[in-house]
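Residue numbering restarts at 1 for every chain, and letters A, B, ... go by the order of the sequence lines.
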Amino acid sequence: MKLSEKNKNFFDLVYQVCREIPYGRVSSYGAIANYLGSARGARMVGWAMNNAHGQQKFVPAHRVVNRNGQLTGKIHFSTPNEMEILLLKEGIKVKNDQIIDFKKVFWDPTTELSL
DNA sequence: CGATTGACACCAA
DNA sequence: ATTGGTGCCAATC
């Protein structure tokens with residue numbers, strides 16, 4: 001048992017929140033970080049996503065974008081198009097790596113989960 | 001152990 | 001509005 005596995009709480013929570021994102025909706029790193037308590041720890045969420053590929057359960061990382069709604073993390077997928085395709089399949093319009101109507105599809109865990 | 005990096009966010013010019 | 005610089009926390013080199 002490695003130390004990283006013990007301290008996976010933060011990462012695990014990130015994965016949990018990602019899976020809680022409803023179909024056809026997206027969230028932002030900052031929102032998730034804020035929900036976990038690290039308001040400025042958005043980068044950690046990104047790191048978690050990087051590890052998400054190694055997780056046994058699938059993590060809809062494609063539903064997580066930066067606060068601009070830009071698909072900055074698409075390059076980390078199997079193929080850069082993967083993220084776009086997945087989002088498009090969920091009814092989310094993407095143009096030039098930018099989510100259209102981002103505010104409409106935006107899903108804030110602090111607002112949706114923390115009622 | 002110190003320095004650098006990273007799928008971001010915020011502030012100042 | 002756009003660009004550049006700084007801060008955040010953890011992991012990797």
Side-chain angles (χ1 to χ4, degrees):
Chain A
M1 173 162 176
K2 296 178 181 180
L3 294 174
S4 359
E5 296 184 39
K6 189 180 88 166
N7 296 341
K8 73 179 183 180
N9 286 46
F10 186 85
F11 282 29
D12 192 22
L13 288 171
V14 174
Y15 305 141
Q16 184 68 32
V17 175
C18 288
R19 297 197 203 98
E20 291 296 319
I21 300 175
Y23 182 92
R25 299 256 197 265
V26 295
S27 187
S28 66
Y29 303 97
I32 295 172
N34 188 3
Y35 176 71
L36 297 179
S38 300
R40 271 50 187 254
R43 310 188 90 169
M44 272 60 273
V45 179
W47 253 115
M49 292 297 106
N50 190 4
N51 260 340
H53 287 279
Q55 295 301 308
Q56 291 182 334
K57 281 188 71 72
F58 172 72
V59 179
H62 61 277
R63 292 181 188 156
V64 183
V65 296
N66 63 358
R67 88 139 195 105
N68 286 321
Q70 194 173 25
L71 280 54
T72 52
K74 58 182 287 182
I75 58 180
H76 288 273
F77 281 73
S78 310
T79 63
N81 285 346
E82 186 77 12
M83 190 170 188
E84 258 182 77
I85 298 300
L86 289 170
L87 289 173
L88 290 171
K89 286 176 68 174
E90 299 199 356
I92 300 173
K93 299 176 181 65
V94 179
K95 185 69 173 183
N96 194 11
D97 298 346
Q98 176 76 28
I99 296 179
I100 307 301
D101 297 329
F102 176 61
K103 1 192 289 191
K104 293 184 181 178
V105 295
F106 178 66
W107 182 82
D108 191 344
T110 58
T111 302
E112 304 295 334
L113 292 178
S114 182
L115 294 177

Working for salt bridge (Lys or Arg N to Asp or Glu O under 4.0 Å), residues A/Arg63 and A/Glu90: CA-CA 10 Å; A/Arg63 292 181 188 156; A/Glu90 299 199 356; 2.8 Å; yes

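Residue A/Ala52 is classed as having no contact, given no heavy-atom separation below 4.0 Å to the nucleic acid. Nucleic acid contact class of A/Asn50 (heavy atoms, under 4.0 Å, all strands): base. Using a 4.0 Å heavy-atom criterion, one finds that A/Gly30 contacts the sugar-phosphate atoms exclusively.
The strand DNA chain C forms stems, runs of 3 or more Watson-Crick or G-U wobble pairs with distances below 3.5 Å, at B:2-6 with C:9-13, B:8-13 with C:2-7.
Note on ring orientation: taking the six-membered ring where Trp is involved, the planes of A/Phe106 and A/Phe102 are tilted (angle from 30° to 60°).
A/Thr79 and A/Asn81 share no donor-acceptor pair across their side chains, judged by distance under 3.5 Å alone.
In this structure, the CZ atom of A/Phe11 is 7 Å from the C1' atom of C/dA11, given to the nearest Å. If you take CZ of A/Arg67 and P of B/dC8, they are 13 Å apart, rounded to a whole angstrom. If you measure from atom CD1 of A/Ile32 to atom P of C/dC8, you get 21 Å, rounded to the nearest angstrom. Look at CE on A/Met44: it is 11 Å from P on B/dA7, rounded to the nearest Å. In this structure, CD1 of A/Ile99 is placed 17 Å from P of B/dA7, rounded to the nearest angstrom. Separating the CZ atom of A/Phe106 from the C1' atom of B/dC8 is a distance of 13 Å, rounded to the nearest angstrom. Straight-line distance from the CZ atom of A/Arg43 to the C1' atom of C/dC9: 9 Å, rounded to whole Å. Between A/Trp47 atom CH2 and C/dA10 atom P the separation is 13 Å, expressed in whole Å.
Between the CD atom in A/Glu84 and the CD1 atom in A/Ile92 there is a gap of 12.0 Å [rounded to 0.5 Å]. A distance of 14.0 Å separates OH of A/Tyr35 from OG of A/Ser28, quoted to the nearest 0.5 Å. Distance CG/A/Asn68 to CG/A/Asp97: 12.5 Å, rounded to 0.5 Å. Of the inter-residue distances, the one linking A/Lys93 atom NZ with A/Ile99 atom CD1 reads 12.0 Å to the nearest 0.5 angstrom.
Residue-to-nucleotide contacts include a donor-acceptor pair under 3.5 Å from the side chain of A/His53 to the base of B/dA7.
Between A/Ser28 and B/dC8 there is no side-chain polar atom (N or O) within less than 4.0 angstrom of OP1 or OP2.
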